[in-house]
Amino acid sequence: MTDIKELLLSRIRDVADYPEPGVMFKDITPLLADPAAFTALTDALAEIAGNTGATKIVGLEARGFILGAPVAVRAGVGFIPVRKAGKLPGATLSQAYDLEYGSAEIEVHAEDLAAGDRVLVIDDVLATGGTAEASVQLIRRAGAEVAGLAVLMELGFLGGRARLEPTLAGAPLESLLTV
């Protein structure tokens, strides 16, 4: 696992003062552009999907779509996008959550999740955990079971894991990298 961690870390670029002064943005686009690194990431997340017994992958808008869709294909399971409110055309379930300044809302098509589904949530970064927490609540409201949460990178200093653990109620939280 050390080799994959080194490969992934070597393809993540730090961008200072983005999107605002004082923030060190973790840019994953070099990783996505490298077929060996992107394949290694997809394989590692697909292994987590298999280990959790996931039957569906939920990808969180927007980078969770990029990571989650190939993982679903590799794992042989369905892919469900969780979008910002107002982006899905059909009947939806929505979940509001608080941000540092204000609130946001995410949605999923109501018919895409059902009892019996075991859902692994995939995203690129776990920061404060607000979006991930809302997605777990949304999945459970749809009647599905949360198989776990898997992220490429966890920003440990922001406390997302501590916030999520009660909500996950024993479902695993896997991060390939912690910074």
Student: So does Glu47 have more than 12 non-hydrogen atoms from other groups sitting under 6.0 Å from CD?
Tutor: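 No, not enclosed.
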Student: At their closest point, which heavy atom of Ala147 faces which heavy atom of Arg118, and how far apart are they?
Tutor: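 Heavy atoms only, the tightest pair is CB-NH2, 3.6 Å.
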Student: To the closest 0.5 Å, what do you measure between CD (Glu105) and CD (Gln95)?
Tutor: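 Going from the CD atom of Glu105 to the CD atom of Gln95 covers 8.5 Å.
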Student: For residues Val82 and Leu88: do they belong to one hydrophobic cluster (side chain heavy atoms under 4.5 Å, members Ile, Leu, Val, Met, Phe, Trp, Tyr)?
Tutor: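 No, Val82 does not connect to Leu88 through the hydrophobic network.
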Student: Supply the atom-to-atom distance Thr131 OG1 to Leu126 CG, rounded to the nearest 0.5 angstrom.
Tutor: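 That separation rounds to 10.0 Å.
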Student: Heavy atoms only: give me the nearest Glu61-Lys84 pair and the separation to one decimal.
Tutor: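 In terms of heavy atoms, the two residues are closest at OE1-N, 2.8 Å.
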Student: I'd like to check Leu9 versus Leu177 (side-chain heavy atoms, cut-off strictly below 4.5 Å). Are they in contact?
Tutor: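 Yes, their side chains come closer than 4.5 Å.
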Student: Any heavy-atom pair between the side chains of Leu176 and Ile48 that's under 4.5 Å?
Tutor: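 Of all side-chain heavy-atom pairs linking Leu176 with Ile48, at least one is under 4.5 Å.
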Student: Are Ile28 and Val179 connected, step by step, through hydrophobic side chains (Ile, Leu, Val, Met, Phe, Trp, Tyr) whose heavy atoms are closer than 4.5 Å?
Tutor: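 Looking at the clustering, Val179 is in the same group as Ile28.
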Student: Which pair of non-hydrogen atoms, one from Gly78 and one from Ala72, has the smallest distance, and what is that distance?
Tutor: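 Closest heavy-atom pair between Gly78 and Ala72: O-CB, 3.8 Å.
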Student: Kindly compute the distance separating CZ (Phe65) from CD1 (Ile122), expressed to the nearest 0.5 Å.
Tutor: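 The CD1 atom of Ile122 is 13.0 Å from CZ of Phe65, to the nearest 0.5 Å.
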Student: Starting at CD of Glu174, measure out to CG of Leu45 and round the result to the nearest 0.5 Å.
Tutor: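 Answer for the CD-CG pair, Glu174 versus Leu45, is 10.0 Å.
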Student: Does Ala144 offer a backbone N or O that forms a donor-acceptor pair with the side chain of Asp117 under 3.5 Å?
Tutor: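 Side chain of Asp117 to backbone of Ala144: no pair is present.
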Student: Hey, any chance Val125 and Ile57 share a hydrophobic cluster, counting ILVMFWY side chains that come within less than 4.5 Å of each other, even indirectly?
Tutor: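 Yes.
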Student: Please determine whether residues Leu7 and Leu67 belong to a single hydrophobic cluster, defined as Ile, Leu, Val, Met, Phe, Trp and Tyr linked transitively by side-chain heavy-atom distances below 4.5 Å.
Tutor: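 No, because Leu7 and Leu67 fall into different hydrophobic clusters, even though each may have its own neighbours under 4.5 Å.
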Student: For a 4.5 angstrom cut-off between non-hydrogen side-chain atoms, does Leu164 reach Leu149?
Tutor: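 They are in contact (side-chain heavy atoms under 4.5 Å apart), so the answer is yes.
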Student: With the side chain counted from C-beta on, respond yes when Thr178 and Phe157 share a heavy-atom pair under 4.5 Å apart, and no when they do not.
Tutor: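 No, their side chains stay 4.5 Å or more apart.
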Student: Between Arg161 (side chain only) and Glu154 (backbone N and O only), is there a donor and an acceptor less than 3.5 Å apart?
Tutor: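 Absent.
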Student: Keeping to residues at least two apart or across chains, list the salt bridge (charged side-chain N to carboxylate O under 4.0 Å, His left out) pairs with something in residues 22-33.
Tutor: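 Qualifying pairs, neighbours excluded: Arg13-Asp27, Asp14-Lys26.
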Student: Step by step, would you call Thr167 with Arg140 a side-chain contact (heavy atoms from CB on, under 4.5 Å)?
Tutor: CA-CA 10 Å; Thr167 303; Arg140 289 194 179 126; 4.2 Å; yes
Student: Do Asp34 side-chain atoms and Leu31 backbone N/O form a donor-acceptor pair below 3.5 Å?
Tutor: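 Here the side-chain-to-backbone pair does not exist.
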Student: How far apart are the closest heavy atoms of Phe38 and Pro70, and which atoms are they?
Tutor: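 In terms of heavy atoms, the two residues are closest at CZ-CG, 4.1 Å.
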Student: Are any non-hydrogen side-chain atoms of Pro172 and Thr52 less than 4.5 angstrom apart?
Tutor: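 A side-chain contact under 4.5 Å exists here.
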Student: Between Pro89 and His109, which heavy-atom pair has the shortest distance, and what is it?
Tutor: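 Closest pair (atom of Pro89, atom of His109, distance): CD-NE2, 3.5 Å.
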Student: Crowded around Arg63 CZ? As in, over 12 foreign heavy atoms under 6.0 Å?
Tutor: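 It does not: Arg63 CZ has 12 such atoms or fewer within range.
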Student: CD/Glu107 to CZ/Arg83 distance, rounded to the nearest 0.5 angstrom?
Tutor: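 CZ of Arg83 is found 10.0 Å from CD of Glu107.
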Student: In sequence, state the C-alpha distance, the side-chain angles, and the governing distance for Asp124 and Val151, and then conclude on side-chain contact (heavy atoms from CB on, under 4.5 Å).
Tutor: CA-CA 5 Å; Asp124 64 329; Val151 296; over 6 Å; no
Student: What do the steps show when you test Leu168 against Val136 for side-chain contact (heavy atoms from CB on, under 4.5 Å), and what is the final call?
Tutor: CA-CA 7 Å; Leu168 285 169; Val136 167; 3.9 Å; yes
Student: Just so I know, are the side chains of Leu41 and Leu152 near enough to count as touching, which here means a heavy-atom distance under 4.5 Å?
Tutor: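 The answer is yes; the side chains approach within 4.5 Å.
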Student: Does the side chain of Val119 reach to within under 4.5 Å of the side chain of Thr55, using non-hydrogen atoms?
Tutor: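 Of all side-chain heavy-atom pairs linking Thr55 with Val119, none is under 4.5 Å.
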Student: If you round to the nearest 0.5 Å, how far is CG of Asp112 from CG of Leu93?
Tutor: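 Those atoms lie 10.0 Å apart.
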Student: So which heavy atom on Tyr18 is nearest to which on Phe25, and how close?
Tutor: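 For Tyr18 and Phe25, the tightest heavy-atom pair comes out as O-CB, 3.2 Å.
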Student: Are any of the side-chain heavy atoms of Ile106 and Ser135 separated by less than 4.5 Å?
Tutor: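 Yes; the side chains approach each other to less than 4.5 Å.
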